[in-house]
Engineer: 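Okay, here's the structure, questions in a sec.
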Amino acid sequence: MFKKILIANRGEIALRVIRACREMGIKTVAVYSEADAQSLHVRAADESVCVGPADAAASYRNIPNILSAAEITDAEAIHPGYGFLAEDPNFAEVCASAGIKFIGPTPENIKLMGNKAKAREMMAKAGVPVIPGSQGVINDDREAQRLARKIGLPIIIKSANGGGGRGLRLVHTEVSLPNAFLTAQTESLAGFGSADVYIEKYLGESRHIEIQILADDRGRVVHLGERECSIQRRHQKLVEESPSPALTEKLRRRMGDAAVEAAKAVRYRNAGTVEFLLDGKMNFYFLEMNTRIQVEHPVTEMVTGLDLVKEQILIASGQPLRFKQRDISYRGHCIEVRVNAEHPEHFTPSPGEIAEFIPPGGPGVRVDTAVYSRYRVPPHYDSLLAKVLAYGQTREEAVSRITRALDETVLTGVHTTIPLLQKIVQDPDFRRGKYTTSFVDRFVPRA
Amino acid sequence: MFKKILIANRGEIALRVIRACREMGIKTVAVYSEADAQSLHVRAADESVCVGPADAAASYRNIPNILSAAEITDAEAIHPGYGFLAEDPNFAEVCASAGIKFIGPTPENIKLMGNKAKAREMMAKAGVPVIPGSQGVINDDREAQRLARKIGLPIIIKSANGGGGRGLRLVHTEVSLPNAFLTAQTESLAGFGSADVYIEKYLGESRHIEIQILADDRGRVVHLGERECSIQRRHQKLVEESPSPALTEKLRRRMGDAAVEAAKAVRYRNAGTVEFLLDGKMNFYFLEMNTRIQVEHPVTEMVTGLDLVKEQILIASGQPLRFKQRDISYRGHCIEVRVNAEHPEHFTPSPGEIAEFIPPGGPGVRVDTAVYSRYRVPPHYDSLLAKVLAYGQTREEAVSRITRALDETVLTGVHTTIPLLQKIVQDPDFRRGKYTTSFVDRFVPRA
Amino acid sequence: MNLKEIRDLIALLQGTDIYEFQLERGGVKVRIRRGAPLPEGREPAAAPPRMEEAFPQEPRPVGAPISSTDRLITVTSPIVGTFYRAPSPEAQSFVEIGDRVKKGQVLCLIEAMKLMNEIESEADGTVVKILAESAQPVEYGEPLFLIEPA
Amino acid sequence: MNLKEIRDLIALLQGTDIYEFQLERGGVKVRIRRGAPLPEGREPAAAPPRMEEAFPQEPRPVGAPISSTDRLITVTSPIVGTFYRAPSPEAQSFVEIGDRVKKGQVLCLIEAMKLMNEIESEADGTVVKILAESAQPVEYGEPLFLIEPA
């Protein structure tokens, strides 16, 4: 087992990894930017190294400084968290060449899944259902038009190197297709460094359901059930839960099996998430695979009792999975809400000093946060302040508990998304579990 | 179901009950003393009524004011929490005569179990093992001497109306018995209003293990497994866990059955705890029954997934238990530590303003507290600041997690027992699960 | 100003809650800032009712006189119950504003646990203000009357 | 005001909670600011290492000059790595205290990812202090040299 791990991240996820390390008896090294010198992750780690100025490109994404920090502190492994360098295949490669273990998938896994068109192709070959659409990249609008006629409109044009819902074009009519295609290529080039785009049929009202998987060095793969992530605003998840109110036991098993097949097909390693779209007719389709620990991983931890970050570390250290698929059991229901430092209506970021923070507590409540009373939220990074999770014996209890937890949270001094989250969890359709990815629209004024 | 409940308590347990009510859609009325006007339980309740000055006898124990508060707010039921009026049979009776539901056992249950000698007699009759000793009260030292010869020294003389370990006399030699007996009677009279004492054989190094039970109006009783509470200082529990590292599956079942028998024998109702002593030879004996929700009830909630306060409310509203014994399942391991505002070595109370409080969080951690940064801990009430609980898949994980949780807790401005708790959970014997009620002595300087 | 003067000045300020002090001797300029400099925090967004807004802006100082002048006596409720200004709905109120009252004179009733409790004046004086409404609940320490002592 | 007076003044302030003091002799102007600008809290009991004690008492203001006078230039590390005062263990140090240096002159090496990075002086001046030790790790923004500009 590693004696010391460097955490190449900040905020709640850095703290999350430090907690896992402490519990495993592993020493920790925090890295931080000049803007984060007073951060909780710095305070919680055994050692800390300043790796650059506030700008993340020069600090949290600064590969030479982060690797040097690992070298001067004798860290044997690096946990990248999510964001920053977590899905940079180059970083994973450089770690390997520097003899430092990257706690995550192989550079090949990251590279392959980073190319959405390629991943789609690969999955189709492996027998995992994909949304009807192009085989790989589409190069001109004539080809796009032919395909659109075959699969039927509307279609979505996506950047092959995008992901997380970025760089999408929805096309409803054939006449608008050539123009949209060109724009999509241009945007893809500008946004992701490549004009490669691919096409999928637009399935209408659907749900976003993802399956958590774990894979060890020996090719053993298990899944840990699903997370329902349909409550999104502009592809940013706001609320997640497990189990999904939409799945039957049979469908759960089929999707789980498909996710395991997907991971095996690409010789995946460590923790990963296979995202699926579930349409109104209960057909599911591969969307993409996230090659990192995800923000919402605690949802799975609450219902399985497992500690996913510890499993990541164990796998990275070469240990085989300690359980088989049949050893995984689920208990109760968990809902997570993301409290962001944003205006709850316009979603403008709201950095600044938190005047008072009294987190919720008591039965079934988990809070993952790196903020505290009088903490100054820096304007340089993402707006996530806290993940609040509620566990219940039933979905009904989990819903009433997350409502209670939000009501009792005191967080003043900055704007937060709490008022929006309160509206969401009190919505009758949410309470009934009846929602799709368009659900949040009803609370958000049209731009 | 009740529409409104008054909580006749303060601090974390008042907040605990309010949380349960909120999740059940029940309105809440907080009562408070003048010293508690800025308390979190007042802030969290729908309504609040000041019931007296700081002195608890004139506020939190002021039966007329508390009942009037229920009347003027139209509360249908009162939850007493623990302490204060929770085990006052008179209060339970007055509630009944005022037409307000007391959320707890019957006045008869409380009265019977309040008389330890009588309870002991009753249990022996019901076939629940009791410690060898007197049948009921012992009236003079000659009788005491005869009994001591029969059961063998050392013996303990206990006040029949004491409880929780208060008013004990340990007698090692026959020559010291008459004097000790007289002192015990005098102390009992002074401390508990009655000179009635009874005698039990002293069993030496032993464990304190309690079984949580729930009983509905129809006489159905289930137990929810045990809590190991041997980590005590002067009969004040510091650390609790479930399951007990000492019990085998068989012993667990036997003790559970005995607790259910005990509850049935006295027609017990609502939540209660049967305390047992477990000696070095794995024999268990009835000690006493606590007729209230206990401080450490969350330990049971973490491993069973149940919400005990909700169950209390459901039972009090007349609903039958929603589960049978076979429906109760246990998962993982939970350890609770009590963070008190006390000096960690001399145990002198340490009221005052909390400068900074950053509670622990992340996976498997639950915090029950009513304090926050800049909260002023009043000097009038008990010193409990926070209960911190850690859940783990295994005891080993729970131990490493509670250690981590204590290490990351920031609580400055007042002295706390955290340093002592840190020593306890890092102790090799504690880590091995090898400890008895004398365990804490090693950390506490002799008085 | 010499060192001794400064020393005296510091001794003077020690133990007070003055956190800033300025002095200019020429044109006689003094500046004293006291009380904790509260860190500023932006106001939160308008939101559904939450615990963070649960405290009234100005919590009523329970049991303390609410008058601006210390000369007035506040009669507060010694118990929790329902306040009545008259012995029965038809009867006259015990006292009205402007009435002169004697120490020990009954000012009102508070019903608690089906019992009527008479609340008496603590001093001779004049009723200046009646702070509770008849048939309304009152809590412990709630101000009921302001009496201007004779 | 002479050195003795200042010394006395410092002794006077030592141990008080005054955190700002101003004095102008001409028109006699005194300014005293006391009370911790940070929220005070009693010291916690001596305890095993915990997060609450994890911050150094005086966090080094990273990247900021640490000298008391603003005249000195602080050369900070632009990268994370290992600091070397000389090109090899046997070689002479690039600079010593008291050396005059020119802008662009190499002051030290920092090894990062097996590469030696030369750190140059930002200005002409004199080396007043060397703040890092050879062969020791340095983080981003860590002060390495104090240079008194020419």
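Just so we're on the same page: letters track the sequence lines, and every chain starts at 1. Computed over heavy atoms, backbone and side chain alike; hydrogens, waters and symmetry mates excluded.
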Engineer: Looking at A:Gln393 and B:Asp307, what are the two nearest heavy atoms and their distance?
Structural biologist: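 Looks like OE1-N, 4.2 Å.
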
Engineer: Heavy-atom cut-off 4.5 Å, strictly under: side chain, backbone, both or neither for A:Arg401 against chain B?
Structural biologist: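 Contact with chain B involves both backbone and side-chain atoms of A:Arg401.
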
Engineer: Output the distance between atom OG (B:Ser400) and atom NZ (A:Lys310), rounded to the nearest 0.5 Å.
Structural biologist: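 Here the rounded value is 4.5 Å.
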
Engineer: Hey, which of A:Val365, A:Val309, A:Ile358 has the most heavy atom pairs under 4.5 Å with chain B?
Structural biologist: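 Sorted descending by pairs with chain B, the first entry is A:Ile358.
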
Engineer: Near B:Lys27 NZ, under 6.0 Å, is it more than 12 heavy atoms from other residues, nucleotides or ligands?
Structural biologist: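 Open.
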
Engineer: Tell me whether A:Arg43 is salt-bridged to B:Glu356, with the criterion being a basic N under 4.0 Å from an acidic carboxylate O.
Structural biologist: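 Counted as a salt bridge, because a side-chain N and a carboxylate O are separated by less than 4.0 Å.
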
Engineer: Answer yes when B:Arg22 and A:Glu408 have at least one side-chain N-carboxylate O distance shorter than 4.0 Å, and no when they do not.
Structural biologist: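 Salt bridge between B:Arg22 and A:Glu408, a charged N being under 4.0 Å from a carboxylate O: no.
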
Engineer: Mind checking the OH-OH spacing from A:Tyr391 to B:Tyr391? Nearest 0.5 Å is all I need.
Structural biologist: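 Going from OH on A:Tyr391 over to OH on B:Tyr391, the span is 8.0 Å.
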
Engineer: Kindly indicate whether the side chain of B:Met24, heavy atoms from C-beta on, has any atom under 4.5 Å from the side chain of A:Glu397.
Structural biologist: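 No, side chains not in contact.
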
Engineer: Is B:Leu306 in contact with chain A via its backbone, its side chain, both, or neither, using a 4.5 Å heavy-atom distance?
Structural biologist: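 Answer is both: backbone and side chain atoms of B:Leu306 are under 4.5 Å from chain A.
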
Engineer: Hey, which of A:Ile18, A:Leu15, A:Thr304 has the most heavy atom pairs under 4.5 Å with chain B?
Structural biologist: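 The option with the most such pairs is A:Thr304.
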
Engineer: Minimum heavy-atom separation for A:Pro363 to B:Glu301, with atom names?
Structural biologist: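 That closest heavy-atom pairing would be CB-OE1, 4.1 Å.
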
Engineer: What part of A:Val410 lies closer than 4.5 angstrom to a heavy atom of chain B: side chain, backbone, both or neither?
Structural biologist: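 Contact with chain B is through the side chain of A:Val410 alone.
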
Engineer: Where on A:Ser329 is there a heavy atom nearer than 4.5 Å to chain B: the side chain, the backbone, both, or neither?
Structural biologist: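 For A:Ser329, the contact with chain B is made by backbone and side chain together.
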
Engineer: Heavy-atom distances under 4.5 Å only: say whether B:Lys387 touches chain A with side chain, backbone, both or neither.
Structural biologist: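 Answer is neither: B:Lys387 stays 4.5 Å or more from chain A.
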
Engineer: Of all the heavy-atom pairs spanning A:Val303 and B:Arg331, show the shortest one and how long it is.
Structural biologist: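 A:Val303 and B:Arg331 have their closest heavy atoms at O-NH2, 3.2 Å.
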
